[in-house]
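Letters A, B, ... are given to chains in the order of the sequence lines, protein chains preceding strands, and every chain is numbered from 1. None of the values given here were measured: they were computed from a predicted structure.
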Number of protein chains: 2
Amino acid sequence: MTKVRAIGHRIPMDSAADPRVLVVDDDPALAEVVARYLRREGFEVDYAADGATGLQRALSTLPDLVVLDLMMPGMDGFEVCRRLRRATAVPVVMLTARGEENDRIAGLDLGADDYVTKPFSPRELAARVRAVLRRAAAEAAPAPLLTGGGVEVDTVAHRVSRRGAPVTLTTKEYDLLVCFLTSPGRAFRREELLETVWGWSIGDTSTVTVHVRRLREKIEDDASAPRHLTTVRGVGYRWEP
Amino acid sequence: MTKVRAIGHRIPMDSAADPRVLVVDDDPALAEVVARYLRREGFEVDYAADGATGLQRALSTLPDLVVLDLMMPGMDGFEVCRRLRRATAVPVVMLTARGEENDRIAGLDLGADDYVTKPFSPRELAARVRAVLRRAAAEAAPAPLLTGGGVEVDTVAHRVSRRGAPVTLTTKEYDLLVCFLTSPGRAFRREELLETVWGWSIGDTSTVTVHVRRLREKIEDDASAPRHLTTVRGVGYRWEP
DNA sequence: TCCGAGACTTTCGCATACCGTAAGAATCGT
DNA sequence: ACGATTCTTACGGTATGCGAAAGTCTCGGA
């Protein structure tokens, strides 16, 4: 995972309950419309009528997302967003007036995840809210990792690390490692590896030997006394977790 | 395209033809004025004189947008809008009498995308119609806001900036960047990019190489030592946030 | 309709990292 | 101790990615 989310942010997908949205707007009529629509769309909606209240509510209830009006008396949307960002990573959707280009840019700078320009339809807002939540969930979802013996392989990012430290492998080394990690403890014959990793049905098995050696050099503490990628004499190699 | 729209709703931007608008109003004189103006503004206009007919027509012809009078004998605008929403996602612009605040709220609540209070100028209505169509098209677009590594992409405005400074990208460069930013950290094979961005199943992958290079030239501090758009040797490229 | 600018694609040469082979050294099992 | 197996190292060929530039394509203006 690349980005660390701040403490306390609930991830909607993880919970069975509906995603909770906090709407902060000084126009009660608008907020009411928005809230009703969002509720019908399956969100649990809370409401605050000004910036200070909204901030406090957000920090205490930790909603899944905050809909934030930009122009408010007292503490405006900018300020709320900024303070919110200090403590949490809760996604924010800004409501801005049409054509406030500068405000939009500044809003992005402050870490708003999306913006909707007034006038907007509740349907549009709901769509944006859903999209942002989807993105946030995807971002928080950890990448599937192959692990074993202090080695981690992120097959999505195509990245390898050993005790947290990044390791650069060549294609063949990578394929070999993945092969071993998907079947830890299993002994692979050289011919088998040649078939699986190289796609050869016949060939010089010393090729495997050399690549295993190179792989050991990168992921073992002591390549001449391997503890994970061990030799099975007369057969081939095996990964010890 | 990431989002599936409700059945049968044409997306105006996708079609070369003029957007089709259905006007539903029980006042033929008013409808005639509106229709004529909208036609001159480049819309294809259909007309229905009452709610029931309008609903049926909307469901059968699937226009790009419906202009709906609120007060009608028989089935009123509320009811039409509600039933329309059950089956389609077609945008709706409501025509309401002045000062009917409750109606306005209820209309939006039912999923209307905008409202115009009577009396209105045809010009104003046309402007609203265009705005709603634009929004509807934007709503169908993928993740509206993408950021990572100091680069910001506004997919709504189709605009890219780096540390706040605007950057102009060509189409392919833009598509590439969007592709990377929607899956940061993920390693893309060249063939994959060729498939996703170019739509080719086979082709010369050096095309990707060259475009990636150009993209680096524009968004990296030092294109020869890329920090975000990195090469994954033997595989392709990856975006580091 | 023709032309030109910009965008896109293809080609080519270069530098480098990678791969496979071979040959000698070391190690293991008996 | 001895043969078989594995390890280690070195080296040349090759694939890969990069950079530059020439060759197409497309679209808008004259």
Side-chain angles (χ1 to χ4, degrees), chain A residues 158 160 166-177 179-180 187-240, chain B residues 16 158 160 167-180 187-239:
Chain A
H158 216 272
V160 180
V167 175
T168 55
L169 299 183
T170 71
T171 310
K172 287 285 182 287
E173 288 160 4
Y174 179 89
D175 291 346
L176 260 180
L177 181 58
C179 184
F180 284 118
F188 290 90
R189 285 175 297 107
R190 284 186 176 67
E191 294 76 13
E192 217 173 333
L193 294 167
L194 214 53
E195 171 73 41
T196 308
V197 175
W198 276 263
W200 299 350
S201 44
I202 52 153
D204 187 354
T205 55
S206 68
T207 295
V208 177
T209 309
V210 172
H211 279 272
V212 166
R213 149 93 186 123
R214 288 180 183 143
L215 182 54
R216 279 171 172 167
E217 204 72 55
K218 293 183 179 177
I219 61 169
E220 292 278 4
D221 286 324
D222 181 2
S224 53
R227 299 187 53 231
H228 300 299
L229 187 40
T230 57
T231 302
V232 183
R233 209 176 168 77
V235 182
Y237 302 95
R238 176 178 49 207
W239 180 266
E240 316 269 1
Chain B
H158 214 270
V160 180
V167 176
T168 55
L169 299 183
T170 70
T171 311
K172 288 285 182 288
E173 288 160 3
Y174 179 87
D175 290 346
L176 260 179
L177 182 58
V178 167
C179 183
F180 283 118
F188 290 90
R189 284 176 296 105
R190 285 187 172 65
E191 295 76 15
E192 220 172 331
L193 293 167
L194 214 52
E195 171 73 40
T196 307
V197 175
W198 278 262
W200 299 349
S201 43
I202 52 152
D204 189 353
T205 54
S206 66
T207 297
V208 178
T209 309
V210 174
H211 280 270
V212 165
R213 172 179 131 54
R214 295 217 183 95
L215 184 54
R216 280 172 173 167
E217 208 73 55
K218 293 183 180 177
I219 61 171
E220 290 278 3
D221 287 324
D222 181 2
S224 54
R227 299 187 54 231
H228 298 300
L229 189 39
T230 57
T231 302
V232 184
R233 202 160 219 288
V235 181
Y237 301 95
R238 176 177 48 205
W239 180 267

Can you confirm whether [X] sits close enough to [Y] that some side-chain heavy atom of one is under 4.5 Å from a side-chain heavy atom of the other?
| X | Y | answer |
| --- | --- | --- |
| A:Leu193 | A:Cys179 | yes |
| B:His228 | B:Trp239 | yes |
| A:His158 | A:Leu169 | no |
| B:Val208 | B:Lys172 | no |
| A:Thr170 | A:Lys218 | yes |
| A:Glu220 | A:Leu229 | yes |

*Please assess B:Thr231 against B:Arg216 for the test side chain to side chain donor-acceptor pair (under 3.5 Å), listing each intermediate value before the final yes or no.*
CA-CA 11 Å; B:Thr231 302; B:Arg216 280 172 173 167; 2.7 Å; yes

*Could you check B:Tyr237, B:Tyr174, B:Trp198 and say which one makes a ring pair (Phe, Tyr, Trp, His ring centres under 6.0 Å) with B:His211?*
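Per the ring pair (Phe, Tyr, Trp, His ring centres under 6.0 Å) rule, the option paired with B:His211 is B:Trp198, out of B:Tyr237, B:Tyr174, B:Trp198.
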
_Under the criterion side chain to side chain donor-acceptor pair (under 3.5 Å), I'd like the reasoning laid out for A:Thr171 against B:Arg233: C-alpha separation, chi angles, the key distance, then a yes or no._
CA-CA 8 Å; A:Thr171 310; B:Arg233 202 160 219 288; over 6 Å; no

*Taking only residues two or more places apart in sequence or in another chain, which ones pass salt bridge (charged side-chain N to carboxylate O under 4.0 Å, His left out) with B:Arg189?*
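Partners of B:Arg189 under the salt bridge (charged side-chain N to carboxylate O under 4.0 Å, His left out) test: B:Glu191, B:Glu192.
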
*asked:* Under the rule for salt bridge (charged side-chain N to carboxylate O under 4.0 Å, His left out), what residues qualify as partners of B:Arg238, not counting sequence neighbours?
replied: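 Here the qualifying residues are B:Glu240.
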
*Taking 4.0 angstrom as the limit, do B:Arg214 and B:Glu173 come out as a salt bridge?*
no

*Atom-to-atom span, CZ of A:Arg216 to P of C:dT27 - whole angstrom*: 14 Å

*Base versus backbone protein contacts along nucleotides 16-24 of chain C [heavy-atom cut-off under 4.0 Å; B, S, -]*: -SSBBBB--

*What are the two closest heavy atoms between A:Ile202 and A:Leu194, and how far apart are they?*
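Heavy atoms of A:Ile202 and A:Leu194 come nearest at C-CD2, 4.5 Å.
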
_Students often get this wrong, so: under 4.0 angstrom with heavy atoms, is A:Val235 touching a base, only sugar-phosphate, or nothing?_
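Sugar-phosphate contact only - A:Val235 comes under 4.0 Å of backbone atoms but never of a base.
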
*Please list, by residue number, the residues of residues 188-196 of chain B whose heavy atoms come closer than 4.0 Å to an atom of DNA chain C; answer none if no residue qualifies.*
none

*Considering only heavy atoms of chain B and a distance under 4.0 Å, specify the first and last nucleotide of DNA chain D in 5' to 3' order that meet this criterion.*
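Listed 5' to 3', the contact boundaries are D:dT16 to D:dA20.
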
*Terminal helix-axis angle for the helix from C:dT1-D:dA30 to C:dT30-D:dA1, with five pairs defining each axis and rounding to 10 degrees*: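 End-to-end axis angle for the helix from C:dT1-D:dA30 to C:dT30-D:dA1: 30°, rounded to 10°.
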
